[in-house]
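For the numbers below, each heavy atom of this structure counts, side chains included, while hydrogens, waters and symmetry mates do not.
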Amino acid sequence: MAEPLLKRQIRALPVVPYEALREQLHTGDLVFCSGSYLFSRAIQRLTRSVWSHVGIVYRDEALQRLFVLESETGIGVRLAPVSKYLKDYHGRRRPYRGQIVVARVQPEVDRERVHRAISFGMDELTKPYDNSEILRIMMRILFRVSRRTRDRKYICSELVYECFRQAGVSFKLADRFVSPDDIWRDAQVVPVQRIL
């Protein structure tokens, strides 16, 4: 289980250069982001966690590239090169503003099930980001109401949760919604390294 962290604890972790870690990353690894953006801070405050985003690593052997399968605000479900996060996040020639830690589900999920998870996520490409889900989460917290329906939009943690559910891996949820912190705190998730 990944232990809860404070932002200063994440910043204190040694940063491994991406080039040194690149070959050790597997399809199905998780990328946890602790952003410094306004929206990131809102998510962190709402979920009482340092994590504001989560995605899944996808290694494309044919292209020799690493991607993050994620649901991004204003964009929806997409594949983004890991290198883009680290050098040119959002096309602004600046890295992601915050810290990034890679984690792994243990015991490792067999290759066929990981591919089932990624395949499900690929089928969801271009599905919209669920912008109003953050507001609904606030209402569920305030009124202690469970989620009643599942729509075809995703926040980042819902996408990760659903992808792994398709592979037969369930993450334990602490609340009436799935947050990056729920996935981080699951007993199956083990931190690997900080890359940013």
K.L.:
What's the spacing between Trp184 CH2 and Ser157 OG if we round to 0.5 Å?
P.N.:
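Here the rounded value is 15.0 Å.
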K.L.:
Could you measure the distance from the CZ atom of Arg8 to the CG atom of Leu13? Nearest 0.5 Å is fine.
P.N.:
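These two atoms lie 12.5 Å from each other.
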K.L.:
Would Val57 end up clustered with Val15 when hydrophobic side chains under 4.5 Å apart are linked, directly or stepwise?
P.N.:
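No, no single cluster joins them.
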K.L.:
Using a strict 4.0 Å threshold on nitrogen-to-oxygen distance, state whether Arg165 and Glu162 make a salt bridge.
P.N.:
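Salt bridge present between Arg165 and Glu162.
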K.L.:
Would you say Leu6 has more than 12 foreign heavy atoms packed within less than 6.0 Å of its CG?
P.N.:
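Yes - once you tally the heavy atoms of other residues, nucleotides and ligands closer than 6.0 Å, there are more than 12.
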K.L.:
Can you list the steps and then say if Arg59 with Arg22 is a side chain to side chain contact (heavy atoms under 4.5 Å, CB included)?
P.N.:
CA-CA 10 Å; Arg59 177 182 285 279; Arg22 188 178 191 283; 4.2 Å; yes
K.L.:
Might you work through the side chain to side chain contact (heavy atoms under 4.5 Å, CB included) test for Leu86 and Ile195, ending with a clear yes or no?
P.N.:
CA-CA 8 Å; Leu86 304 176; Ile195 58 174; 4.3 Å; yes
K.L.:
Pairs of donor and acceptor atoms involving the side chains of residues 39-46, under 3.5 Å and at least two apart or interchain, shall be tabulated with distances.
P.N.:
unit_1, atom_1, unit_2, atom_2, d
Arg41, NH2, Ser36, O, 3.1
Gln44, NE2, Gly35, O, 3.1
Gln44, NE2, Val50, O, 2.8

K.L.:
So Gln99 and Arg11, side chain to side chain contact (heavy atoms under 4.5 Å, CB included) or not? Walk me through it.
P.N.:
CA-CA 7 Å; Gln99 292 79 41; Arg11 285 191 295 268; 3.4 Å; yes
K.L.:
If I compare all heavy atoms of Pro81 with all of Arg65, which pair ends up nearest, and what's the gap?
P.N.:
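Distance-wise, the nearest heavy atoms are CB-NH2, 3.3 Å.
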K.L.:
To check you understand the geometry: which heavy-atom pair defines the closest contact between Leu125 and Leu79, and what is its length?
P.N.:
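Minimum heavy-atom contact is CD2-N, 3.9 Å.
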K.L.:
Ser52 and Tyr96: which non-hydrogen atoms are nearest, and at how many Å?
P.N.:
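Nearest pair, atom of Ser52 first, then Tyr96: OG-OH, 3.7 Å.
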K.L.:
Would you say the side chains of Glu72 and Tyr129 form a donor-acceptor pair under 3.5 Å?
P.N.:
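The criterion, which ignores hydrogens and geometry beyond distance, is not satisfied for Tyr129 and Glu72.
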K.L.:
Nearest 0.5 Å please: distance from the CD1 atom of Ile56 over to the CZ atom of Phe120.
P.N.:
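Spacing of CD1 (Ile56) from CZ (Phe120) equals 10.0 Å.
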K.L.:
For Ala12 and Arg194, which heavy atoms make the closest approach, and how far apart are they?
P.N.:
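Heavy atoms of Ala12 and Arg194 come nearest at N-NH1, 4.4 Å.
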K.L.:
Measure centre to centre between the rings of Tyr161 and Tyr154, then say whether the value is under 6.0 Å.
P.N.:
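Ring centres of Tyr154 and Tyr161 not closer than 6.0 Å.
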K.L.:
Report the residues that fulfil side chain to side chain contact (heavy atoms under 4.5 Å, CB included) with Val16, sequence neighbours left out, ordered by chain and then residue number.
P.N.:
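Side chain to side chain contact (heavy atoms under 4.5 Å, CB included) check on Val16 returns Ala20, Leu21, Gln193.
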K.L.:
Taking all non-hydrogen atoms of both residues into account, name the closest pair between Phe32 and Pro180 and its distance.
P.N.:
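Taking Phe32 first and Pro180 second, the nearest heavy atoms are CE2-O, 3.4 Å.
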K.L.:
For Phe171, enumerate each residue passing the ring-ring contact (aromatic ring centres under 6.0 Å, His included) test, keeping only those at least two apart in sequence or located in another chain.
P.N.:
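Checked Phe171 against ring-ring contact (aromatic ring centres under 6.0 Å, His included); matches are Phe164.
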K.L.:
Is it the case that over 12 heavy atoms from other parts of the model lie below 6.0 angstrom from the NZ atom of Lys7?
P.N.:
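Counting neighbours around NZ of Lys7, more than 12 heavy atoms of other residues, nucleotides or ligands fall under 6.0 Å, so yes.
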K.L.:
What's the separation between atom CD1 in Ile155 and atom OG in Ser179, rounded to the nearest 0.5 Å?
P.N.:
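Here the rounded value is 8.0 Å.
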K.L.:
Roughly how far, to the nearest 0.5 Å, is CG of Leu173 from CD1 of Ile183?
P.N.:
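Output value for this atom pair is 8.0 Å.
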K.L.:
Which atom pair, heavy atoms only, marks the closest approach of Val54 to Cys156?
P.N.:
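Taking every non-hydrogen atom into account, O-CB, 3.4 Å.
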K.L.:
Take Ile118 and Leu69, measure what side chain to side chain contact (heavy atoms under 4.5 Å, CB included) needs, and give me the verdict at the end.
P.N.:
CA-CA 8 Å; Ile118 296 297; Leu69 176 62; 4.2 Å; yes
K.L.:
Pairs in or reaching into residues 74-84: which pass side chain to side chain donor-acceptor pair (under 3.5 Å), with residues at least two apart or in two chains?
P.N.:
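Residue pairs with at least one partner in residues 74-84: Glu70-Arg78, Lys84-Asp88.
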K.L.:
Considering only heavy atoms from C-beta outward, does the side chain of Val169 approach that of Gln188 to under 4.5 Å?
P.N.:
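Yes, side chains in contact.
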K.L.:
Is a side-chain donor or acceptor of Arg94 paired with a backbone partner of Tyr89 at a separation under 3.5 angstrom?
P.N.:
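Side chain of Arg94 to backbone of Tyr89, a donor-acceptor pair under 3.5 Å: no, none is there.
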K.L.:
Taking the side chain as every heavy atom from C-beta outward, state whether Val77 and Thr126 have any pair of such atoms under 4.5 Å apart.
P.N.:
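Sidechains of Thr126 and Val77: no contact.
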K.L.:
What pairs with Tyr58 under ring-ring contact (aromatic ring centres under 6.0 Å, His included), at least two apart in sequence or on another chain?
P.N.:
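Tyr58: no ring-ring contact (aromatic ring centres under 6.0 Å, His included) contacts found.
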K.L.:
CG/Asp186 to CG/Asp181 distance, rounded to the nearest 0.5 angstrom?
P.N.:
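Output value for this atom pair is 11.0 Å.
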K.L.:
Tabulate below the donor-acceptor pairs under 3.5 Å that side-chain atoms of residues 102-111 make, not counting sequence neighbours, or state none.
P.N.:
unit_1, atom_1, unit_2, atom_2, d
Arg104, NE, Asp29, OD1, 2.7
Arg104, NH2, Gln24, O, 2.9
Arg104, NH2, Asp29, OD2, 2.8
Glu108, OE1, His26, ND1, 3.2
Asp110, OD1, Glu112, N, 3.2
Asp110, OD1, Arg113, N, 3.0
Asp110, OD2, Arg113, NE, 3.1

